[in-house]
Colleague: 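Sharing a structure here in structure tokens format.
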Number of protein chains: 2
Amino acid sequence: MSLEYAILVSLQERAGSGYELARRFDKSIGYFWAASHQQIYRSLKRMVELDWVSCDEVAQDKRPDKKVYRVGEAGAAELARWLAKPVDPPTIRNELSVKIRGACVGDVDGVVEEVARHRQLHSQRLAAFRALERRDFPAPEGLSGQQLHQHLVLRGGILSEEAMVSWLDEALTVLRADLG
Amino acid sequence: MSLEYAILVSLQERAGSGYELARRFDKSIGYFWAASHQQIYRSLKRMVELDWVSCDEVAQDKRPDKKVYRVGEAGAAELARWLAKPVDPPTIRNELSVKIRGACVGDVDGVVEEVARHRQLHSQRLAAFRALERRDFPAPEGLSGQQLHQHLVLRGGILSEEAMVSWLDEALTVLRADLG
DNA sequence: ATTCACATGTAAGCAGTTACATGATTTT
DNA sequence: AAAATCATGTAACTGCTTACATGTGAAT
């Protein structure tokens with residue numbers, strides 16, 4: 001049910017349509033919670049039923065109508081209640097690690113290639129996060145409240161991607177030394 | 001379907017029962033793939049149907065009978081095929097980040113407490129991983145093949161937990177400065 | 001003409017979680 | 001007497017993915 005709360009957080013920052021939320025999940029929210037438009041529309045439907053959000057249909061000029069969702073009192077209360085509830089850290093499930101661990105049975109070269117590819121993907125994501133940080137938080141020292149929290153979450157993404165790149169570099173070094 | 005492949009990797013290192021596999025997933029395999037006994041039994045059943053593994057019932061002295069599973073030719077081939085296939089990095093879904101991002105709506109103190117709790121959990125996991133490394137890989141320089149791969153996967157866990165602890169320390173510092 | 005951005009959905013299927021279920025032996 | 005370890009399962013439910021489905025207007 002975390003998706004509902006991620007949506008509440010986003011809508012409470014600014015009201016918007018399902019489509020707009022999907023765009024936000026592709027960008028800013030994407031670095032801590034991933035969601036497709038199918039999931040988002042389904043969740044919004046549920047949240048209207050629960051009366052967590054209200055829905056206004058808005059006619060647009062030269063564009064299809066849209067439904068703008070807003071967080072209601074019950075939604076804000078529900079979010080506050082959820083925030084106070086402890087959660088477990090996410091369960092660890094890393095497909096690439098399964099592949100590395102199984103490399104001996106198959107083609108080790110292929111797995112090394114795959115590690116190199118992931119190294120590149122993570123390094124690209126890291127670059128994107130750092131660009132966002134430079135653009136949106138040029139002076140992180142002075143931040144407070146909501147902006148501080150937004151920056152912190154981005155920092156989490158950056159530190160996590162840095163760790164991935166370091167790990168995969170280490171992996172490539174020792175795997176290639178072992179091969180050649 | 002990655003669970004099936006994680007099981008194949010484990011069984012190919014050593015044959016074992018569902019119960020034994022569940023123990024392995026609680027320990028060594030747990031730092032790159034989590035699985036409950038319910039999942040494992042279900043997957044083993046499927047894998048027998050697919051003829052990826054064979055199953056022998058073994059009577060034991062003073063203990064319930066057990067079923068020992070072994071990787072067959074088809075299973076080894078299937079694992080090799082899967083190893084060669086590229087996969088995407090896992091989708092990012094971090095509940096704690098949602099909470100940090102939403103902290104303003106609720107009780108910020110409560111969220112800070114939760115961050116401190118997660119900091120401790122990750123630091124405990126990090127200590128456990130480091131202990132495993134010292135115990136099982138006292139001389140990492142000389143490793144090759146399967147042992148090298150096992151060590152690399154553990155290194156991934158260590159670097160990832162280090163990043164989490166760093167991030168949560170950073171978060172606690174700035175959140176507490178912002179409060180007080 | 002085709003592709004892109006806008007806009008909203010349904011439905012089948014798969015993976016994982018939670019709860020339920022049973023029973024022997026060993027340790028405290 | 002109670003709890004822990006060994007041992008194997010079923011079933012309902014939740015959440016996410018993938019595929020399908022439709023339609024407008026603007027840009028190339």
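Both backbone and side-chain heavy atoms feed into the values below; hydrogens, waters and symmetry mates do not.
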Colleague: To the side chain of Arg23(A), which of dC6(D), dC6(C), dA15(C) is closest?
Modeller: dC6(C)
Colleague: May I ask you to evaluate whether Lys67(B) reaches the phosphate of dG9(D), defined as a side-chain N or O under 4.0 Å from OP1 or OP2?
Modeller: yes
Colleague: Measuring from the side chain of Gln60(A) (C-beta onward, heavy atoms only), which nucleotide among dG16(C), dA7(C), dC16(D) has the closest atom?
Modeller: dA7(C)
Colleague: Is it the case that over 12 heavy atoms from other parts of the model lie below 6.0 angstrom from the CD atom of Gln120(B)?
Modeller: no
Colleague: Closest approach to the side chain of Trp33(A), judged atom by atom: which nucleotide of dC6(D), dT17(C), dC16(D) is it?
Modeller: dC16(D)
Colleague: Of Thr91(B) and Glu20(B), whose nearest nucleotide on DNA chain D comes first from the 5' end?
Modeller: Glu20(B)
Colleague: Please confirm whether the shortest side-chain N or O distance from Lys45(B) to OP1 or OP2 of dT10(D) is below 4.0 Å.
Modeller: yes
Colleague: Taking NZ, NE, NH1 and NH2 as the nitrogens, is one of them in Glu133(A) or Arg130(A) under 4.0 Å from a carboxylate oxygen of the other?
Modeller: no
Colleague: Distance check: side-chain N/O of Gln39(A) vs OP1/OP2 of dT17(D), anything under 4.0 Å?
Modeller: yes
Colleague: Of the listed nucleotides (dT10(C), dA7(D), dT8(C)), which one gets closest to any side-chain atom of Ser17(A)?
Modeller: dT8(C)
Colleague: Begin with the C-alpha distance, continue with both residues' side-chain angles, and end with the deciding distance and a verdict on salt bridge (Lys or Arg N to Asp or Glu O under 4.0 Å) for Arg14(A) and Glu20(A).
Modeller: CA-CA 10 Å; Arg14(A) 189 148 27 93; Glu20(A) 282 164 359; over 6 Å; no
Colleague: List the steps and the verdict of side-chain contact (heavy atoms from CB on, under 4.5 Å) for Glu161(B) and Phe129(B).
Modeller: CA-CA 9 Å; Glu161(B) 294 302 329; Phe129(B) 287 174; 3.8 Å; yes
Colleague: Roughly how bent is the helix from dA1(C)-dT28(D) to dT28(C)-dA1(D) end to end, in steps of 10 degrees, with each end axis from five pairs?
Modeller: 30°
Colleague: Between Tyr5(B) and Trp52(B) (judged by ring centroids, cut-off 6.0 Å), do the two rings come close enough to count as a pair?
Modeller: yes
Colleague: Find the distance Tyr19(B):OH to dG23(C):C1' and express it as a whole number of Å.
Modeller: 14 Å
Colleague: Just N and O in the side chain of Arg93(A): are any of them under 4.0 Å from OP1 or OP2 of dC16(D)?
Modeller: no
Colleague: Does CD belonging to Glu113(A) count more than 12 external heavy atoms closer than 6.0 Å?
Modeller: no
Colleague: Specify the residue among Arg46(B) and Arg63(A) whose closest nucleotide of DNA chain C lies further upstream toward the 5′ end.
Modeller: Arg63(A)
Colleague: Please determine, for the side chain of His37(A), which listed nucleotide (dC16(D), dG9(C), dG16(C)) has the closest atom?
Modeller: dG9(C)
Colleague: Among dA5(C), dT26(C), dT17(D), which is the nearest nucleotide to the side chain of Lys62(B)?
Modeller: dT26(C)
Colleague: Between Leu44(A) (CG) and dG9(C) (P), how many Å, whole number?
Modeller: 9 Å
Colleague: Output the rounded distance in Å from CE (Met1(B)) to C1' (dT17(D)).
Modeller: 15 Å
Colleague: Taking NZ, NE, NH1 and NH2 as the nitrogens, is one of them in Arg46(B) or Glu49(B) under 4.0 Å from a carboxylate oxygen of the other?
Modeller: no
Colleague: The side chain of Pro64(B) is closest to which nucleotide in this list: dC16(D), dG23(C), dT8(D)?
Modeller: dG23(C)
Colleague: So, is Tyr41(A) near the phosphate of dG9(C), with a side-chain N or O under 4.0 Å from OP1 or OP2?
Modeller: no
Colleague: With sequence neighbours excluded, what pairs up with Pro86(A) under the side chain to side chain contact (heavy atoms under 4.5 Å, CB included) test?
Modeller: Glu114(B), Arg117(B)
Colleague: Return no unless some side-chain N or O of Gln38(A) is found under 4.0 Å from OP1 or OP2 of dT18(D).
Modeller: no
